[in-house]
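One structure is given here, and the rest of the page talks about it.
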Amino acid sequence: MCGIIGMASKHEFGSNDIIKMLKRLEYRGYDSFGIVTDKGMMEKEVGEIKPVKENRCSMALAHCRWATHGGVTRENAHPHTDCTGNIFLVHNGIISNYQELKNKLVGHKFTSETDTEVIAHFFEESLKTNDIKSSVLEFFRIAQGEFAIVMMLKGDKNLYALKRGSPLSLGLLDDGNVLASDIYAFSDKTEKAIFFNEDEFAIMNKDGYEFYKFLDNMLKPVSKEITVVKWSGTEEKNHFDHYMIKEINEEPEVAERLINSLRTEQKPGLEKLKELIQGAKRIVFVASGSSYHAALLGVYFLNKAGVEAHAVIASEFRNFYLVDDKTLLIAVSQSGETMDVIEALHGMKAKGAKIASLVNVPYSTIQRMSNVSINIEAGQEICVAATKSFVNQVVALTYLASVFGYEKDFSKIPDEIRDVFSQEGKIKQLAKSLKGEKDIYIIGRGYLYPVAREIALKIKEISYIHAEGMMGGELKHGTLALIEEGTPVIALIDNKPEIISNVMEIKARGGRIIAVTNRDDERFQESIRISAHNKFPFSIEASIAGQLLTYYIAKEKGLPIDKVRNLAKSVTVK
Ligand code: M6R
């Protein structure tokens with residue numbers, strides 16, 4: 001969360017050139033944004049990134065914010081500065097001991113409620129008696145939490161960048177250098193990038209850079225490898241009203257691309273993953289949000305193939321799991337930057353566990369931490385909601401299960417996905433009738449339980465309706481008490497007789513059943529038709545039906561959809 005940029009160039013550039021780059025990081029936070037240039041121009045604003053006053057400059061910092069400490073106000077927007085106005089900085093992360101540091105900065109005047117501003121005052125104080133390297137060293141010693149910081153000092157030709165926890169990369173341009181939270185900010189300008197490792201500090205200017213590592217209480221010079229990166233993504237919505245519906249429409253094509261790549265260029269990676277699975281005593285998936293739901297489905301299909309595996313929510317990983325050097329952790333993450341997942345991996349890597357991953361964003365932190373990584377090939381996903389990335393995670397995980405004998409015909413998947421769109425008209429009608437609801441329940445059994453949870457998550461985050469995804473068999477143990485006349489329940493119905501019993505129990509209490517099903521049954525008052533008869537394509541089709549329903553409910557309600565309140569696409573805080 002939060003996107004940061006710092007650029008130094010041999011040729012003058014415009015403030016809006018930086019704003020355009022910042023726009024590519026907007027998925028990291030859109031509460032407010034800000035920019036400062038070496039020509040003295042500073043602008044901050046609450047809300048989406050917009051063009052700013054044009055200012056020609058040769059160095060600039062910019063930031064888009066997802067609020068953690070301090071409300072969404074102009075004062076709390078970055079860049080932050082010190083009492084003298086000579087230090088400017090942008091920050092992604094949380095300085096967890098900021099209050100303690102602040103208490104020591106007696107006499108300093110703070111103008112925001114943020115943890116970030118404390119960093120500016122810390123450097124103001126330290127630079128009174130130290131040079132920059134000593135001040136940075138001291139900061140590494142005393143700061144707790146996570147940070148990617150880029151700092152500019154008035155009258156100084158350098159930018160200073162520090163990384164602990166939060167991601168940071170350097171792009172090498174023909175006429176200068178750029179620092180950014182991720183390579184997507186500059187991947188349309190250069191293919192040459194350097195990734196910061198933990199506790200690294202860089203001094204960068206238009207002509208070059210130096211890297212240091214905070215190690216053994218000292219800053220030691222380090223040489224860095226240049227990586228050639230290719231990640232263009234796409235920013236166009238084309239004729240679609242929102243990225244969400246565009247990305248849902250891309251699902252048949254991206255699934256096909258993934259299947260082809262798993263059969264060809266990703267085959268060696270898949271083989272390596274198979275070997276790691278065979279050599280492990282324990283296999284644990286670790287993921288958050290939608291990626292966790294995909295992992296639950298992966299576990300189901302792997303279990304069917306005789307491979308014992310478990311899925312654990314990343315933010316609670318350390319409370320539940322015993323890990324040793326015979327454990328294989330498989331991280332599932334669209335962004336490859338989710339802090340909860342990274343934390344779980346760091347802790348367990350230290351215990352000797354092997355790391356594998358399924359990631360969408362190439363060169364991301366999780367991919368770089370992994371012994372082997374499968375790219376899910378969904379392409380850039382801009383809407384906060386995971387849609388095409390979720391589908392491709394499920395395809396990749398089922399393909400992995402097929403390597404162990406869970407045979408499926410993958411060639412039909414793109415067309416089976418296309419079949420769901422034949423239901424779009426009906427889904428739009430249903431959306432109209434559901435837009436005023438306060439609660440929606442979704443039930444499924446077996447492999448359809450993770451799908452029920454995934455649909456509920458989508459409805460909550462995009463349509464702002466409370467939703468609960470449940471195992472059909474669990475209703476009678478409590479939640480049934482909430483079913484009243486007209487309560488909407490989306491039932492994922494394949495060929496299991498038990499789910500029909502659950503549906504009848506709901507109907508008997510006046511509940512409104514919306515069946516997502518491949519069956520003809522006059523007992524379902526309303527239904528969305530699924531063409532698949534096998535589990536794997538059924539799970540995908542039902543998930544997409546849920547995505548479309550969510551989208552059209554939110555559209556009916558006039559909600560922001562791609563940039564919903566309080567969330568950000570990449571969750572880089574704990
Ligand atoms: O990038 P990741 O897949 O690691 O992200 C995990 C979750 O934050 C993410 O799936 C989130 O739940 C989505 N907004 C759901 O649509």
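Atoms within a ligand are numbered from 1 in the order they appear, just like the ligands themselves.
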Practice item. Mark yes or no for whether Gln334, through its side chain, and Val361, through its backbone, hold a donor-acceptor pair below 3.5 Å. Key: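 No, the answer is negative, given that no donor and acceptor are paired below the 3.5 Å cut-off.
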
Just to be sure I read this right, does ligand 1 sit under 4.0 Å from the backbone of [X], its side chain, both, or neither, counting only heavy atoms?
{"X": "Glu337", "value": "neither"}
{"X": "Lys569", "value": "neither"}
{"X": "Leu567", "value": "neither"}

In ligand 1, which numbered atoms sit nearer than 4.0 Å to a non-hydrogen atom of [X]?
{"X": "Glu461", "value": "13 (C), 14 (N), 15 (C), 16 (O)"}
{"X": "Lys458", "value": "15 (C), 16 (O)"}
{"X": "Ala386", "value": "15 (C), 16 (O)"}
{"X": "Leu457", "value": "12 (O), 15 (C)"}

Below 4.0 angstrom, N of the basic side chain to O of the carboxylate: do [X] and [Y] qualify?
{"X": "Arg164", "Y": "Glu198", "answer": "no"}
{"X": "Arg28", "Y": "Asp182", "answer": "yes"}
{"X": "Glu253", "Y": "Lys388", "answer": "no"}
{"X": "Asp494", "Y": "Lys535", "answer": "no"}

Review point. Less than 6.0 Å separating the ring centroids of Phe536 and Phe410?
Key: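 Yes; Phe410 has its ring centre under 6.0 Å from that of Phe536.
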
**Study point:** Shortest heavy-atom approach to atom 11 (C) of ligand 1 - which of Ser291, Gly336, Ser290, Ala385
**Key:**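 It is Ser290 whose heavy atom sits nearest to atom 11 (C) of ligand 1.
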
Point to revise | Minimum non-hydrogen distance to atom 6 (C) of ligand 1, winning option of Gly289, Ala287, Ser288 | key: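 Comparing heavy atoms across Gly289, Ala287, Ser288, the nearest one to atom 6 (C) of ligand 1 lies in Ser288.
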
Check your understanding: Relative to the ring of His78, is the ring of His63 parallel (under 30°), tilted (30 to 60°) or perpendicular (over 60°)?
Key ->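 It falls in the parallel class, under 30°.
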
Check your understanding: What protein heavy atom sits nearest atom 2 (P) of ligand 1, and how far away is it?
Key ->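 Looking only at protein heavy atoms, the one closest to atom 2 (P) of ligand 1 is Thr338 OG1, 3.2 Å.
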
Exercise for review: Could you tell me whether some N/O pair between Val571 and ligand 1 is separated by less than 3.5 angstrom?
Suggested key: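 It does not: no N or O of Val571 is found under 3.5 Å from an N or O of ligand 1.
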
Exercise for review: Answer yes or no: does an N/O atom from Ser335 fall short of 3.5 Å to an N/O atom of ligand 1?
Suggested key: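 Indeed, backbone or side chain, Ser335 has an N or O that close.
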
Check your understanding: Atom CD in Glu381, atom CD in Glu247: separation rounded to 0.5 Å?
Key ->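 Rounded to the nearest 0.5 Å, the CD-CD separation comes out at 5.0 Å.
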
